[in-house]
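Working notes, beginning with the structure itself.
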Amino acid sequence: MNLALTDEELAFRDEMRTFFTTQIPAEIRERYARGEEVGKEGFIESQRILNANGLATPHWPVEWGGRDWTPVQKHIWLDELQLASVPEPLAFNTSMVGPVIAAFGSQEQKEKFLPATANLDIWWCQGFSEPEAGSDLASLKTRAVRDGDDYVINGQKTWTTLAQHADWIFVLARTNPDAPKKQAGISFILVDMKTPGVTVRPIKLIDGGYEVNEIFFEDVRVPAENLVGEENQGWSYAKFLLGNERTGVTRLGFSKVRLAQAKERAADISVGEGTLLDDPLFAARIAELENEIIALELTQLRVVASSADGKPNPASSLLKLRGSELQQATLELLTDVAGPDSLPFAAGDGISSPLWAQRTAPTYLNYRKVSIYSGSSEVQRSIIASSILGL
């Protein structure tokens, strides 16, 4: 298989690279590259620039702002976006609820939600996981009972990322508790976060931040017109959504940037008569990560090429598994380069530790999550064993 880019694809790559490095404000990209908080407004500004140029939702249907790109072009778009340290379009909007509404929503829902979702005029969050329904999502207990023209929702969601910013939440709720299979009685419902009875409670994480939340629904009345697709078919829509969510989770561009940062910082650290880059053990660690990234990139290109027929490739589980591990490994390397300077965090002017170093440990801790979300590493290994190795 020829994995080299064609002349047209190379020109497309240069076009993407030029746009991302010149049209997205440098301040936003630099802060994002350092692992600093970009903030809600920074994400919105970046996505609106992308959307105005047709680069926020290229994988959507063309009639709703998508681009008729090949799988290789989509791969290049995402890789160059990550290499330029541009905040990725909000996944809840562009990779999750947007494609679901485009595929299964009513015409009224498409017209009401899709333009605002692409432009981040609406910030969505995901109401799937519950205290007793995480990996076993089909065990969810949140109920939605039809009452005239409304659904009345009661229940709890947890680990809801960035719900503190959200305007709307897409919720999986049980509408038929007597269904013969627990997956069969679930519906997909859109809920305005300002609706009476919706309560958001933040969860403090290991890095000290409040990225995730608990959401409580107490007699929340939602218009029945906010049901997406058919009642009790939400499980099918959820599987469709999760398939989109796992697109691009390799994040090789992210890992490349962090590895380059580690090498740059290591070159400034004196060790003996040279620098940390000259240390044999450190150099071997760098070389191993570089080779792992190259190997995964080649695998990703093979998967992209084989997806041209539109069929899912079980090798995407391998990409997710190794991509998660490499994100964590490059962040661990950067934290090790920072050394003791990684220990303070938001320490103020009285601490000599540079800001980049202070951000390494919290970012490393935060990214423990990547081997859990979008299907844990254990789940991916099971898929690899059954679907690829035939075990």
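Below, each value reflects all heavy atoms present in this structure, side chains not excepted, and no hydrogens, waters or symmetry copies. Count residues from 1 along the sequence. This one's a predicted model, so the numbers in the text were calculated from it and none came from an experiment.
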note = The residue among F170, F104, F128 that forms ring-ring contact (aromatic ring centres under 6.0 Å, His included) with Y237 is F104
message = Please confirm whether the ring centroid of W124 lies under 6.0 Å from the ring centroid of F113.
response = yes
task = State yes or no: are the ring centers of F240 and F188 separated by less than 6.0 Å?
result = no
query = Can you tell if the side chain of E130 reaches within under 4.5 Å of the side chain of Q156, non-hydrogen atoms only?
reply = no
task = Give, for atom CG of L333 and atom CZ of R258, the distance between the pair rounded to the nearest 0.5 Å.
result = 12.5 Å
ask   = Taking the side chain from Q109 and the backbone from L227, do they hold a donor-acceptor pair closer than 3.5 Å?
value = yes
message = Keeping T275 on the side-chain end and V271 on the backbone end, is there a donor-acceptor pair under 3.5 Å?
response = no
Test log, rule side chain to side chain contact (heavy atoms under 4.5 Å, CB included), inputs K256 and L83 = CA-CA 7 Å; K256 289 177 184 178; L83 286 171; 3.8 Å; yes
query = Can R251 be said to sit on top of F254's aromatic six-ring, NZ or CZ under 6.0 Å from centre and within 45° of the ring axis?
reply = yes
remark   = Minimal heavy-atom distance between I24 and R29, with the atoms involved, is O-NE, 3.3 Å
message = Under 3.5 Å, is there a donor on one side chain and an acceptor on the other for Q107 and E111?
response = yes
Taking 4.0 angstrom as the limit, do [X] and [Y] come out as a salt bridge?
X    : Y    : value
R359 : E36  : no
K141 : E132 : yes
R13  : D79  : no
D167 : K194 : no

inquiry  = Tell me whether the count of non-hydrogen atoms from other residues, nucleotides or ligands lying under 6.0 Å of CD in E288 goes above 12.
reply    = no
